[in-house]
Amino acid sequence: MKIKNAAVNSLIYFLYFFGACLITMLAEALLLKIIDKFVILPYLTQTVMRIVIYSAAVPALVSLLGYFEGYREARFNAAESAVSCVFAIILHSLFAMLFNFQAFITGAVRFTAGLIHNGSEITYENMMSQTPYSLFLLIFLAYGALYSLLLMFFKYYGAKKRISDRRELTGE
């Protein structure tokens, strides 16, 4: 395992996580804006919709990026990828805490924590003021672990697919 590769990969993985959350936030905002033009939804319904959107789209984007990276590199080093993911999650958590777990940096974390703590009584105000900070961090780490596992799995799958495609092309 090369330290330089792990450091560069951790920055790249952080950008993957951040970019996936940012793109999903833009899509979620557009979708809810369109729905809001036709129907007025209670905040609980909006929160559940946000959780579903973020919980589906961010992992899908991270998986897709992992696959393309594995396919491009045609190699997979599990130890290097795991170390890179850990450092990416640490960097991501620092930004998440800096921006108070806003959706553009953390995806569904804020809404999930608020829903778990406040239940059907969730509002924007009590989501941030009454929910314990440790719950935000715990849910953030769970999502980070999910993103990392998906990234590593699909990177592995992409590398294997590239090697298989090469074999088919060369006849070996």
Decide if atom OH of Tyr43 counts as having more than 12 heavy atoms of other residues, nucleotides or ligands within a radius under 6.0 Å.
yes
Output yes when a side-chain donor or acceptor of Ser55 lies under 3.5 Å from a complementary backbone atom of Val52, and no otherwise.
no
Same apolar cluster: Tyr143 and Tyr133, side chain cutoff 4.5 Å:
yes
Give a yes or no answer on whether the side chain of Asn118 reaches the backbone of Gly114 with a donor-acceptor pair at less than 3.5 Å.
yes
Rounded to the nearest 0.5 Å, how far apart are OG of Ser164 and OH of Tyr157?
8.5 Å
Side chain proximity check, Ile122 to His117, heavy atoms < 4.5 angstrom
no
With hydrophobic residues grouped by side-chain heavy-atom distances under 4.5 Å, do Ile35 and Ile40 end up in a single group?
no
Interatomic spacing from CG in Leu32 to CD1 in Ile53 - rounded to 0.5 Å:
5.0 Å
Any donor-acceptor N/O pair, Arg162 side chain to Arg72 backbone, under 3.5 Å:
yes
Nearest heavy-atom pair of Ala78 and Met152: which atoms, and what distance?
O-CE, 4.4 Å
Would you please indicate yes or no on a ring centroid separation below 6.0 angstrom for Phe140 and His92?
yes
If I take atom CG from residue Leu64 and atom OH from residue Tyr16, how far apart are they, to the nearest 0.5 angstrom?
10.0 Å
OG1/Thr45 to CE/Met49 distance, rounded to the nearest 0.5 angstrom?
8.5 Å
Phe17 versus Val58: any side-chain heavy-atom pair under 4.5 Å?
no
Closest contact, heavy atoms only, Thr131 versus Ala113:
CG2-O, 3.7 Å
By ring pair (Phe, Tyr, Trp, His ring centres under 6.0 Å) - contacts of Phe76 (at least two apart):
Tyr156
Inter-residue atom distance Asn9.CG - Leu151.CG, 0.5 Å rounding
9.0 Å
Indicate, with yes or no, if Ile89 and Leu61 share a hydrophobic cluster defined by side-chain heavy-atom contacts under 4.5 Å among Ile, Leu, Val, Met, Phe, Trp and Tyr.
no
Using the rule that two of Ile, Leu, Val, Met, Phe, Trp, Tyr join whenever any of their side-chain heavy atoms come within less than 4.5 Å, decide whether Ile23 and Leu65 are in one cluster.
no
Compare all side-chain heavy atoms of Tyr13 with those of Ser81 and state whether any distance is below 4.5 angstrom.
yes
Go through Leu44 and Leu115 one step at a time and tell me if the side chain to side chain contact (heavy atoms under 4.5 Å, CB included) criterion holds.
CA-CA 8 Å; Leu44 174 63; Leu115 187 62; 3.4 Å; yes
Only pairs under 3.5 Å count here: list side-chain donor-acceptor contacts from residues 95-108, not counting sequence neighbours, and write none if there are none.
unit_1	atom_1	unit_2	atom_2	d
Gln102	OE1	Arg110	NH1	2.9
Thr106	OG1	Phe101	O	3.2
Thr106	OG1	Gln102	O	2.9

What's the spacing between Ile116 CD1 and Ile51 CD1 if we round to 0.5 Å?
7.5 Å
Is a side-chain donor-acceptor pair under 3.5 Å present for Asn126 with Glu121?
no
Between Glu28 and Leu31, is the side chain to side chain contact (heavy atoms under 4.5 Å, CB included) condition met? List the steps.
CA-CA 5 Å; Glu28 169 262 326; Leu31 180 66; 5.8 Å; no
Write down the atom of Phe14, the atom of Ala88, and the distance for their closest heavy-atom approach.
N-CB, 3.8 Å
Under 4.0 Å between a side-chain nitrogen and a carboxylate oxygen: does that hold for Glu80 and Lys4?
no
I need the minimum non-hydrogen distance between Ser84 and Asn5, along with the two atoms involved.
OG-O, 4.4 Å
Any ion pair linking Lys155 and Glu73 (charged N to carboxylate O, less than 4.0 Å)?
yes
What about Leu149 and Leu91, same hydrophobic cluster or not, with Ile/Leu/Val/Met/Phe/Trp/Tyr joined at side-chain heavy-atom distances under 4.5 Å?
no
